[in-house]
Novice: 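One structure coming up, written as structure tokens, with questions to follow.
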Amino acid sequence: MATERYNPRDAEPRWQQEWDKNNVYLTDNDDPREKYYVLEMFPYPSGRIHMGHVRNYAMGDVVARYKRARGYNVLHPMGWDAFGMPAENAAMERGVHPASWTYQNIASMKAQLKVMGLSLDWSREFATCDVEYYQRQQYLFLDFLEKGLVYRKQSKVNWDPVDHTVLANEQVIDGRGWRSGALVEQRELTQWFFRITDFSQDLLDSLDTLDQWPEKVRLMQRNWIGRSEGLTIRWEIAGAPASTDEKEVTVYTTRPDTLFGASFLAIAADHPLARQVASGNAEIAEFCDECRRAGTSLAALETAEKKGIDTGIRVRHPLDPSWELPVYVANFVLMDYGTGAIFGCPSGDQRDLDFARKYNLPVVPVVMPKDGDAASFTIGDEAYVGDGVMINSRFLDGLSTEEAFGKVAATLESKEIGGLPQAERKVNFRLRDWGISRQRYWGCPIPVIHCDDCGVVPVPKQDLPVKLPDDVTFDKPGNPLDRHPTWRHVACPQCAKDARRETDTMDTFVDSSWYFTRFTAPWEDKPTDPKVASHWLPVDQYIGGIEHAILHLLYSRFFTRAMKATGHVALDEPFKGLFTQGMVVHETYSRGEGAQREWITPAEIRIEEIEGTRIATHVETGEKIKIGSIEKMSKSKKNVVDPDDIIGSYGADTARFFVLSDSPPDRDVIWSEAGVEGSHRFVQRAWRLISEAAPALKQADARPAKTGAAREISQITHKTLKAVEADYEKLAFNKAVARLYELVNALASPLTQVAAGRADDDTVSAVKDAVTILIHMIAPMMPHLAEECWREIGGNGLIAQSLWPAYDEDLVAENEITLPVQINGKKRADLTIARDADQIAVQSAVLALEAVQAALNGQSPKKIIVVPQRIVNVVV
RNA sequence: GCGGACGUGGCGAAACUGGUAGACGCAAGGGACUUAAAAUCCCUCGGCCUUAGGCUAUACGGGUUCGAUCCCCGUCGUCCGCACCA
């Protein structure tokens, strides 16, 4: 009777070979069946996969295998997001070439993924750093350029004055360069931009059509695009220092209703007016410089203390020429948004209020809540930002904020200064154009040539690819393309004179904005085969981290539109269904404090629980280690777990099953060693029960039992099938897992009886049906175990190529239901009654219950609430 | 700072988004089998009260409702994004 334990080290490679041999996961573009495209966000080849990858790809693989079983022609490809900074950092730190570092990483990560037994079409694999890929990206760039979707403009970068290099935001720590420690400066460079703002309105409107996206992602994108309806208002300059010659300042506001609450104007440090004033005033110039030293990150800017300086300029209030207001330069006003100038209404905006208190500017309440008292309404430390009734606003008093908006707009639109209306209604977007220039080597070269005579000349398509030179050095900071002895020198394609290549490369977000399209025909000479791309796209189910909710997804949505405009695809929205998985997080461990703080990996640590307190000890040294907060697994904090260890000891199926089972997939999962054992026990238990009964099951027909004792087996099996189907459709893997546990628990005793030869024919047939269904249900999550069990019970072919079973409606339906009975909202009894019993029948049955009789104590109930199929509540 | 989420036993969670709170798993405890261990099987398991049973409990404080983990208002805590990390 005793069967051997299931040995994944033997079974898993065996089945992987079998799948490969039969080309089970190769996808044919000409297959006539309905298509289904499932894609997980491709990984950055950092060198090792981590548990986040395992979770991500396990989820995608369940969807792929499930959809395949449902009869779809499934596309499930994989590739590598291979350009980016870490390769250059490795080159600087260890002297490895970015290309060899990257390709080695890809090789080892691919080997790790292979071991997971994912149903991927590896024939379509590519890395974005493959010349074949970035050549087509350059082709797209040229098409976009021709179409007017790309342009150059001045834009700021973080400049490290010691290393003479451009820094990424993450390389700026507290305003200093991460390596040099020098105070970062902002520098203006001419850079390349994609005109994503051409599509602002469409990108916003189309969010409504993405009904298979999480609402929170749509909301985040909506806020990011940030459409607002407001007014640009021109303010006449009444007096100014000698260094300025402007006559007016234009501000953008979404709250013209609060105009009578204005107490100052604030402009950005880069506003032309600020520059003029600064040229004649050292103190203001110093303040503007200080603003520029903050780096370019918005988060850094806005968390900084709000500061300003009076420019000496005075402007006239648009609705009262005798009222003059001061103009400040303020560090929280952005040149990129609106007009780079605002008017401050302290009573209606918290930031303005803080600013006003700091610089002793007047605070006049102009909006109060509807039921407020105008005489006593004041503003303390908190601004009133809501809607309400206008006060202290002359001709607007008593109006609603909305009415006041309209009235101010109408008044100022009809008023003219210098022959032009003083105000204009304006729709504004927060979204900015996408700057793609990077002053770095390891990225896709921007295919243009700078000629002194012809200006900016696109590289002719027949000259593509513009290949990255291999012979580069990283001994110095800065862009190796810039200092390469020959690479940048090239003849102008137009006049053949000496010219220079563009040395900027593209943002890696460009690479990831169309890889899903390339997967549909990665062998094409052109970027895509438009017919094939439009057949496969949109991606039916895209799965990835919530951290990409805005940028990657928005850029991809733009890129698809741009590719449509240039004839490469025939659709706007690349991702029909989106699922954002939670991250894998882990405790952090460290020793030392402050700058001496050193992070320790979980592998180096032993955790013990002593009297309810968890204590971490360094395995080698025996030193006590501080247990820190739970954070996203990252290299810098070293709180990573190596999936190889898990797969090595338990097998891929256990690892896959575990990451799917513990937490809801859209929530963060805290990795813990405990629990893997449980998943593994389930694998062994399922194997043992099935393989022991297999000899008896092999001979039997699979037939659900409609009557008799075996009916119960068939009922729970078919109910589980129905539920698991629904769970897989919703990607609720953790619930599917729970139901499978329940089913196996229920089948344990029948299986044991079958194995012992103590079951009648009907039971054996019902059990065979149950086991067949069970194997199909576990196959998407644990494909190797499923194949092994399938073979054991004498199944035909591969489970990976079998169709999903259908549940039997009869067995799923319930004739009787048990209703909970509440008295005054508290559960006091149960009532079992026919499923189709009407209200009256339910009511009288309830009143007959002992518990209800006791509670009523002879009186009649106040009310009986019967929620059909759900609950009964008796109000006494 | 702004935007978005999340918070339920010792732990991961479930509850068909207004209808029995804690399914299922982990950990823990007890028992069976065994010379012994592992594996396996059975039982207990939010808290309080003396059992039948009752009271209490979904971060905290209010509200709406016959009924709230779910809806509304406020507070606290944690996480993600903020445009050059990917």
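Letters A, B, ... are given to chains in the order of the sequence lines, protein chains preceding strands, and every chain is numbered from 1. All of these numbers come straight from a predicted model, not from anything done at the bench.
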Novice: What class does the angle between the rings of His548(A) and His552(A) fall in, given that below 30° is parallel, 30 to 60° is tilted and above 60° is perpendicular?
Specialist: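 Judged by the thresholds at 30° and 60°, the geometry between His548(A) and His552(A) is perpendicular.
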Novice: Between C49(B) and U17(B), how far apart are the P atoms? Round to whole Å, please.
Specialist: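 Each nucleotide's P atom is 38 Å from the other's.
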Novice: Ignoring backbone atoms, establish whether Asn873(A) has a side-chain N or O less than 4.0 Å from OP1 or OP2 of G67(B).
Specialist: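 It does not, given that no N or O in the side chain of Asn873(A) lies less than 4.0 Å from OP1 or OP2 of G67(B).
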Novice: So if I take every side-chain heavy atom of Tyr44(A) and compare against C84(B), A83(B), A86(B), which nucleotide ends up nearest?
Specialist: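 Of C84(B), A83(B), A86(B), A86(B) is nearest to the side chain of Tyr44(A).
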Novice: Taking atom P in both G53(B) and A59(B), compute the distance separating them and give it to the nearest angstrom.
Specialist: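 About 29 Å, rounded to a whole number of Å.
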Novice: Take atom CE of Met220(A) and atom P of G3(B), then tell me their distance rounded to the nearest Å.
Specialist: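 Rounded to whole Å, this separation is 13 Å.
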Novice: Can you tell me whether the side chain of Gln350(A) and the base of C2(B) have a donor-acceptor pair closer than 3.5 Å?
Specialist: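 Looking at the base of C2(B), it does not pair with any donor or acceptor on the side chain of Gln350(A) (distance under 3.5 Å).
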Novice: When you measure from the side chain of Val867(A), which nucleotide among C66(B), G4(B), G19(B) comes out closest?
Specialist: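 Out of C66(B), G4(B), G19(B), the nucleotide with an atom closest to Val867(A)'s side chain is G19(B).
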Novice: Taking the C1' atom in each of G77(B) and G25(B), what is the distance between them to the nearest angstrom?
Specialist: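 Pairwise C1' distance, G77(B) against G25(B), rounds to 27 Å.
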Novice: For the residue pair Trp687(A) and Tyr6(A), categorise the inter-ring angle as parallel (less than 30°), tilted (30 to 60°) or perpendicular (more than 60°).
Specialist: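 Plane angle between 30° and 60°, so tilted.
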Novice: Between Arg667(A) and G7(B), is there a contact of a side-chain N or O with OP1 or OP2 at under 4.0 Å?
Specialist: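 Checking G7(B) against Arg667(A), a side-chain N or O does come within under 4.0 Å of OP1 or OP2.
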Novice: A83(B) P sits how many Å from Arg430(A) CZ, rounded?
Specialist: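 To the nearest whole Å, that distance equals 9 Å.
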Novice: Please pick, from C2(B), C82(B), C85(B), the nucleotide with the shortest atom-to-atom distance to any side-chain atom of Glu302(A).
Specialist: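 Nearest to the side chain of Glu302(A) among the choices is C2(B).
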Novice: Calculate the interatomic distance between Asp349(A) atom CG and C2(B) atom C1'; express it in whole Å.
Specialist: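 Rounded to whole Å, this separation is 11 Å.
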Novice: Angle class for the Phe559(A)/Phe194(A) ring planes (parallel below 30°, perpendicular above 60°, tilted otherwise)?
Specialist: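 Plane angle over 60°, so perpendicular.
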Novice: With a 6.0 Å cut-off on the ring centroids, do Phe332(A) and Phe355(A) count as close?
Specialist: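 Yes, ring centres under 6.0 Å apart.
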Novice: Taking CG from Leu334(A) and P from C2(B), how many angstroms apart are they, rounded to a whole number?
Specialist: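 Going from CG in Leu334(A) over to P in C2(B) covers 14 Å.
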Novice: Checking one value: the base orientation of G67(B), syn if chi is within 90 degrees of 0, otherwise anti.
Specialist: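 Base orientation relative to the sugar is anti.
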Novice: Please report the distance separating the P of C16(B) from the corresponding atom of A86(B), rounded so that it comes out in whole Å.
Specialist: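 Looking at atom P only, C16(B) and A86(B) are 41 Å apart.
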Novice: Send over the distance from Leu751(A) CG to U40(B) C1', rounded to a whole Å.
Specialist: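 Rounded to the whole Å, the gap is 15 Å.
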Novice: Say you pick atom C1' in A57(B) and the same atom in U20(B); how far apart are they, in whole Å?
Specialist: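 Per the computed distance, 15 Å lies between those C1' atoms.
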Novice: What nucleotide among C66(B), C41(B), A86(B) has an atom nearest to a side-chain atom of Ile865(A)?
Specialist: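 Among the listed nucleotides, the one closest to the side chain of Ile865(A) is C66(B).
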Novice: For nucleotides C82(B) and C66(B), find the distance between their P atoms and express it as a whole number of Å.
Specialist: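 That atom pair is separated by 47 Å.
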Novice: Counting the atoms with a prime plus P, OP1 and OP2 as sugar-phosphate, which does Ala299(A) contact under 4.0 Å by heavy atoms, base, sugar-phosphate, or nothing?
Specialist: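 Counting heavy atoms under 4.0 Å across all strands, the contact made by Ala299(A) includes a base.
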Novice: What distance, rounded to whole Å, do you find between the two C1' atoms, one in C45(B) and one in A27(B)?
Specialist: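 Approximately 11 Å lies between the C1' atom of C45(B) and that of A27(B).
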Novice: Work out how far the P atom of U69(B) is from that of U56(B), and round it to whole angstrom.
Specialist: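 U69(B) and U56(B) have their P atoms separated by 13 Å.
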Novice: Check whether any side-chain nitrogen or oxygen of Arg438(A) sits under 4.0 Å from OP1 or OP2 of C84(B), and answer yes or no.
Specialist: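 Looking at the OP1 and OP2 atoms of C84(B), one of them is under 4.0 Å from a side-chain N or O of Arg438(A).
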Novice: Does Gln171(A) reach a base, just sugar-phosphate, or nothing at all? Heavy atoms under 4.0 Å.
Specialist: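 Since no nucleic acid heavy atom lies under 4.0 Å of Gln171(A), the category is nothing.
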Novice: Is a donor from one side chain sitting under 3.5 angstrom from an acceptor on the other, for Trp434(A) and Asp507(A)?
Specialist: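 Short answer, yes.
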Novice: Does Ser297(A) make a side-chain N or O approach to OP1 or OP2 of C82(B) shorter than 4.0 Å?
Specialist: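 Indeed not, no polar side-chain atom of Ser297(A) lies that close.
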Novice: Which way is the base of U17(B) turned, syn or anti, if we draw the line at 90° from 0?
Specialist: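 Syn conformation here, the glycosidic angle of U17(B) being no more than 90° from 0.
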Novice: Regarding Arg152(A) and the six-membered ring of Trp192(A), is the cationic atom NZ or CZ under 6.0 Å from the ring centre and inside 45° of its axis?
Specialist: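 Yes, a cation-pi geometry.
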Novice: How about Asn56(A) and Gln581(A): does a side-chain donor come under 3.5 Å of a side-chain acceptor?
Specialist: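 Yes, a side-chain donor-acceptor pair sits under 3.5 Å.
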Novice: Each nucleotide in nucleotides 20-32 of chain B should get exactly one letter: B, S or -. Can you fill that in based on protein heavy atoms under 4.0 Å?
Specialist: B--BSSSS-----
Novice: Describe, in one word, how the ring planes of Trp514(A) and Tyr133(A) are oriented to each other, choosing from parallel (under 30°), tilted (30 to 60°) and perpendicular (over 60°).
Specialist: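 Correct class here is parallel.
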